[in-house]
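Heavy-atom basis, side chains included; hydrogens, waters and symmetry copies ignored. None of the values given here were measured: they were computed from a predicted structure.
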Amino acid sequence: TIVTQADTDAEDAIVKALNKIDPNADGIISEEIEEGRSETQIGYNWTQSPLLQSKGRVWIVDPMDGSAHFAEKDPKHPFGIMVGLRDNGNTVMNVIYFPATNEFLFAAEGMDGAWSTRFENGKLTPPERKIAQPLTSEMFLAHRRKGDNAATPSDIIGEAAKMFGERQYQVKSIAATLHRMLLGDGNLVYAFEGIEPKGLAIWDFCTEFMARKAGLSVTTFDGQPINHTSAQTNIIIMPAHETTLFGRMMTSMQTIKRSG
């Protein structure tokens, strides 16, 4: 991933703030810290962090989800600062802050749904509940792929999008995806596919909790739940009431390939 000075500066500030407001937490799993350990400790990766087995509070931080969007100054895909809180192994709170638009998305255990607010004139606006919207025939289909694997589900998604007349583009972060889904027009399906042993890490998908609170489905391509203690090499995000769509696309393309 692209790492900018802004990534490390943001992480330093967030880690210091969390240590101050929650000094009794068991610890923090943060992207740049974990990436640094993997570079200095042979064979280490974030899945070996003892904090994943903690029974107490653990903060998860992605200081800049969408570093590529930030570096490219892409106004259509705002980068986000993503923070999650785990307690006894379960996520209980999520916050995403979008500095470019001064918007927040947040959800917490005990709250009904996911909510948004923004800074205006130095104050936060009243929270608004955010719910995933139904897809339309003008659906955008964003798929991000790493690696050169042939005939992958991401390829099938792309071909299906072309066949069904749906537009597709590259979204380089889950933060930008959730911004589009919950603060934009919502008309999006997101798919990521990586290669072993790398993939998405816990700081990438820590906001699954909030996504589900907003009525989104977050699963692997085969419909399995996300495992927060291992790298995920494929993820699909879509409105929960539209989960048959992916299956229809896969079936259609596989049928066409067999008949061709």
Side-chain angles (χ1 to χ4, degrees), residues 1-41 44-52 54 56-87 91-109 111 114-125 127 171-179 182-183 200-211 228:
T1 60
I2 296 174
V3 178
T4 68
Q5 186 61 45
D7 285 79
T8 53
D9 289 347
E11 181 173 81
D12 288 346
I14 294 166
V15 168
K16 287 178 182 176
L18 291 176
N19 282 329
K20 184 176 181 179
I21 65 174
D22 192 12
N24 295 320
D26 283 359
I28 299 171
I29 297 176
S30 189
E31 179 178 15
E32 308 311 332
I33 292 173
E34 292 299 317
E35 293 290 349
R37 285 176 180 155
S38 68
E39 291 175 2
T40 58
Q41 300 178 31
Y44 178 85
N45 66 67
W46 68 270
T47 62
Q48 297 167 338
S49 171
L51 290 173
L52 291 174
S54 169
R57 293 190 306 280
V58 175
W59 293 91
I60 312 296
V61 176
D62 188 336
M64 188 175 291
D65 189 50
S67 298
H69 294 317
F70 172 79
E72 295 165 0
K73 295 180 170 57
D74 184 351
K76 294 182 180 179
H77 303 132
F79 68 93
I81 297 169
M82 303 203 302
V83 177
L85 176 62
R86 285 163 61 88
D87 192 2
T91 304
V92 296
M93 186 181 72
N94 282 149
V95 178
I96 307 179
Y97 173 49
F98 301 95
T101 59
N102 273 333
E103 294 170 299
F104 291 85
L105 285 170
F106 61 94
E109 193 173 63
M111 294 179 64
W115 298 77
S116 72
T117 184
R118 63 182 299 147
F119 275 120
E120 287 185 2
N121 301 318
K123 297 181 179 180
L124 289 173
T125 59
V171 174
K172 299 174 183 176
S173 74
I174 287 180
T177 295
L178 294 178
H179 187 276
L182 299 177
L183 297 173
L200 294 179
I202 190 170
W203 48 82
D204 294 308
F205 50 76
C206 72
T207 50
E208 176 203 2
F209 170 81
M210 179 174 64
H228 284 236

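- Across Thr101 and His179, no two heavy atoms sit closer than the pair OG1-NE2, 4.0 Å.
- Interatomic distance, CD1 of Ile202 versus CD of Glu208, reported as 10.5 Å (0.5 Å rounding).
- Under the side chain to side chain donor-acceptor pair (under 3.5 Å) criterion, Ser38 pairs with no residue, sequence neighbours left out.
- The two atoms that bring Ala201 and Trp46 nearest to each other are CB-NE1, 3.4 Å, heavy atoms only.
- One distance of note links CD of Glu34 with CG of Asn45; it measures 9.0 Å at 0.5 Å rounding.
- Partners of Glu120 by side chain to side chain contact (heavy atoms under 4.5 Å, CB included), not counting sequence neighbours, listed by chain and number: Arg118, Thr125.
- Residue Glu31 holds its CD atom at 7.5 Å from CG of Asp65, rounded to the nearest 0.5 Å.
- Asp22 has its side chain within reach of Trp59: a pair of non-hydrogen atoms, C-beta onward, lies under 4.5 Å apart.
- Under the ring pair (Phe, Tyr, Trp, His ring centres under 6.0 Å) criterion, Phe104 pairs with Tyr97, Phe119, not counting sequence neighbours.
- Annotation: the span from Trp203 atom CH2 to Glu35 atom CD amounts to 5.0 Å, rounded to 0.5 Å.
- You'll find the side chain of Leu200 reaches within 4.5 Å of the side chain of Ile174, heavy atoms only.
- Taking Tyr44 as the reference, nothing meets the ring pair (Phe, Tyr, Trp, His ring centres under 6.0 Å) condition, with sequence neighbours excluded.
- In this structure, Ile21 CD1 and Lys16 NZ are separated by 15.0 Å, a value rounded to the nearest 0.5 Å.
- Under the rule for a side chain to side chain contact (heavy atoms under 4.5 Å, CB included), Ala100 has no partner lying at least two apart in sequence or in another chain.
- Considering Ile33, Ile14, Val61, Ile60 in turn, Val61 is the only one that fulfils the side-chain contact (heavy atoms from CB on, under 4.5 Å) rule with Ile28.
- Under the side chain to side chain donor-acceptor pair (under 3.5 Å) criterion, Ser30 pairs with Glu11, not counting sequence neighbours.
- In plain terms, the two heavy atoms of Pro63 and Ala10 that are nearest each other are O-CB, 3.8 Å.
- Contact annotation: the side chain of Phe106 approaches that of Thr117 to within less than 4.5 Å [non-hydrogen atoms, C-beta and beyond].
- Inter-residue side-chain proximity for His228 and Phe209 is flagged as unmet; no heavy-atom pair is nearer than 4.5 Å.
- Listed by chain and residue number, Asp26 satisfy the side chain to side chain donor-acceptor pair (under 3.5 Å) test with Ser54 (two or more places apart in sequence, or in another chain).
- You'll find the side chain of Asn24 reaches within 4.5 Å of the side chain of Arg57, heavy atoms only.
- Under a cut-off of 6.0 angstrom, the local environment of CD in Gln48 is crowded, with over 12 non-hydrogen atoms contributed by other residues, nucleotides or ligands.
- Partners of Asp12 under the side chain to side chain donor-acceptor pair (under 3.5 Å) rule, at least two apart in sequence or in another chain, do not exist in this structure.
- Expressed to the nearest 0.5 Å, how far OG1 of Thr91 lies from CD of Glu109 amounts to 10.0 Å.
- Residues Asp62 and Cys206 form no side-chain contact, since every pair of their non-hydrogen atoms from C-beta on lies 4.5 Å or further apart.
- Annotation for Ile96 and Gly80: closest pair CG2-CA, 4.2 Å, computed over non-hydrogen atoms.
- Leu183 has its side chain within reach of Leu105: a pair of non-hydrogen atoms, C-beta onward, lies under 4.5 Å apart.
- Contact between Ala211 and Leu178 at its shortest, heavy atoms only, is CB-CD2, 4.2 Å.
- Inter-residue side-chain proximity for Val58 and Ile29 is flagged as met; some heavy-atom pair is nearer than 4.5 Å.
- Considering only residues two or more places apart in sequence or on other chains, Ala114 meets the side chain to side chain contact (heavy atoms under 4.5 Å, CB included) condition with Ala107, Met210, Lys213, Ala214.
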